[in-house]
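Following: one structure in structure tokens, then a few remarks.
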Amino acid sequence: MPTSSRPSKASPPDQISAQLDVAENLCAQRGKRLTPIRRKVLELLLRHGRSVKAYELLEAMRAVHAGAAPPTVYRALDFLLDEGLIHRLDAVNAWTACHDAGGTPHDLLVVCTGCGAVAEISDPAMSRQLAERVARTGYALNSHETEIRALCPACQQKQAEQGVTGGHNHSHGAGHGHAH
């Protein structure tokens, strides 16, 4: 049965503190260290409550650590990603905090292309079906997470108010070569 964590939104301070404690404990259990810089990067992602591009993170880091440099932020992001505390979102070229790092693993990330909000979903049956379908093409999935681009309810509402249609015309023309 699919499960879902809430779409990302800015977390209240007590919830951020609890999530940082979970991250600290997970790292300690694994014999890893959540250094002050790593912790601050994770905290900034949690505070943003949406996907954040690396340069935005760097600017936010510089507000609290004036000498923060790109390699520092990228090393922290790599560590947090390796530990399952954040997600790398290729769909929008950004990063987001994992809001249930100590909980149920999830395999689907629904990314709002309007505002960058992210919903984490666990649906092992659907993921198995996807992997089987991909295998029939001769390919193999190289990640346990699949990103789906979508519009969150707030962005859908904004579009409706602006009179923008939500349809997507995806025409490749004749002989596009895609197997359906």
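A heavy-atom distance below 4.5 Å is found between the side chains of L46 and H99. Residues V111 and I148 form no side-chain contact, since every pair of their non-hydrogen atoms from C-beta on lies 4.5 Å or further apart.
E145 pairs by the side chain to side chain donor-acceptor pair (under 3.5 Å) definition with H87, not counting sequence neighbours. In this structure, the side-chain contact (heavy atoms from CB on, under 4.5 Å) partners of E56, at least two apart in sequence or on a different chain, are R50, V52, K53. Residues passing the side chain to side chain donor-acceptor pair (under 3.5 Å) test with E24 are R39, sequence neighbours excluded. Residues forming a side-chain contact (heavy atoms from CB on, under 4.5 Å) with A154 (at least two apart in sequence, or on another chain): C152. For R149, there are no side chain to side chain donor-acceptor pair (under 3.5 Å) partners two or more places apart in sequence or in a different chain. Partners of N142 according to the side-chain contact (heavy atoms from CB on, under 4.5 Å) rule, which considers only residues two or more places apart in sequence or in another chain, do not exist here. Applying the side-chain contact (heavy atoms from CB on, under 4.5 Å) rule to Q162 yields the partners K158, V164; only residues at least two apart in sequence or on another chain are considered. Among residues two or more places apart in sequence or in another chain, the side chain to side chain donor-acceptor pair (under 3.5 Å) test is passed with D14 by none.
No donor-acceptor pair closer than 3.5 Å links the side chain of E147 to the backbone N or O of L109. Remark: side-chain polar atoms of S51 are paired, donor with acceptor, to backbone N or O of G116 under 3.5 angstrom.
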Exercise answer: donor-acceptor pairs, residues 65-82 side-chain atoms, under 3.5 Å, sequence neighbours excluded:
none

Distance-only criterion, 3.5 Å: show the donor-acceptor pairs between side-chain atoms of residues 26-35 and protein atoms not counting sequence neighbours.
unit_1	atom_1	unit_2	atom_2	d
R30	NH1	E83	O	2.6
R30	NH1	E83	OE1	3.1
K32	NZ	E83	OE2	3.0
T35	OG1	R38	N	3.3

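Residues in residues 59-70 take part in these salt bridge (Lys or Arg N to Asp or Glu O under 4.0 Å) pairs, two or more places apart or across chains: E59-R62.
For the atom pair CG of L57 and CG of L45, the computed distance is 4.5 Å after rounding to the nearest 0.5 Å. A distance of 10.5 Å separates NE2 in H48 from OG1 in T96, rounded to the nearest 0.5 Å. Taking CD1 of I16 as the reference point, atom CG of D21 lies at 12.0 Å (rounded to 0.5 Å).
Hydrophobic clustering, defined by side-chain heavy atoms of Ile, Leu, Val, Met, Phe, Trp and Tyr closer than 4.5 Å, groups L130 together with V134, Y139, L141.
Residues C115 and C112 come closest through the heavy atom pair N-SG, 3.5 Å. Summarising the geometry of A101 relative to L85, their closest heavy-atom pair is CB-CD2, 3.7 Å, with the distance given to 0.1 Å. Taking every heavy atom of both residues into account, Q156 and L151 meet most closely at NE2-O, 2.7 Å. Residue L42 comes nearest to A23 through the heavy atom pair CD2-CB, 3.5 Å, listed as atom of the first residue, atom of the second, then distance. Residues S122 and D107 approach most closely at CA-OD1, 3.4 Å, considering heavy atoms.
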Report the C-alpha separation of R88 and N93 in whole Å, then their side-chain angles, then the decisive distance to 0.1 Å, and conclude whether the side chain to side chain contact (heavy atoms under 4.5 Å, CB included) test is met.
-> CA-CA 8 Å; R88 167 86 172 92; N93 192 27; 2.8 Å; yes
Given side chain to side chain contact (heavy atoms under 4.5 Å, CB included), test H106 with I121 step by step and report yes or no.
-> CA-CA 5 Å; H106 42 270; I121 301 171; 5.7 Å; no
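Look at R128 and E132 and you find no salt bridge, because none of the NZ, NE, NH1 or NH2 atoms lies under 4.0 Å from a carboxylate O.
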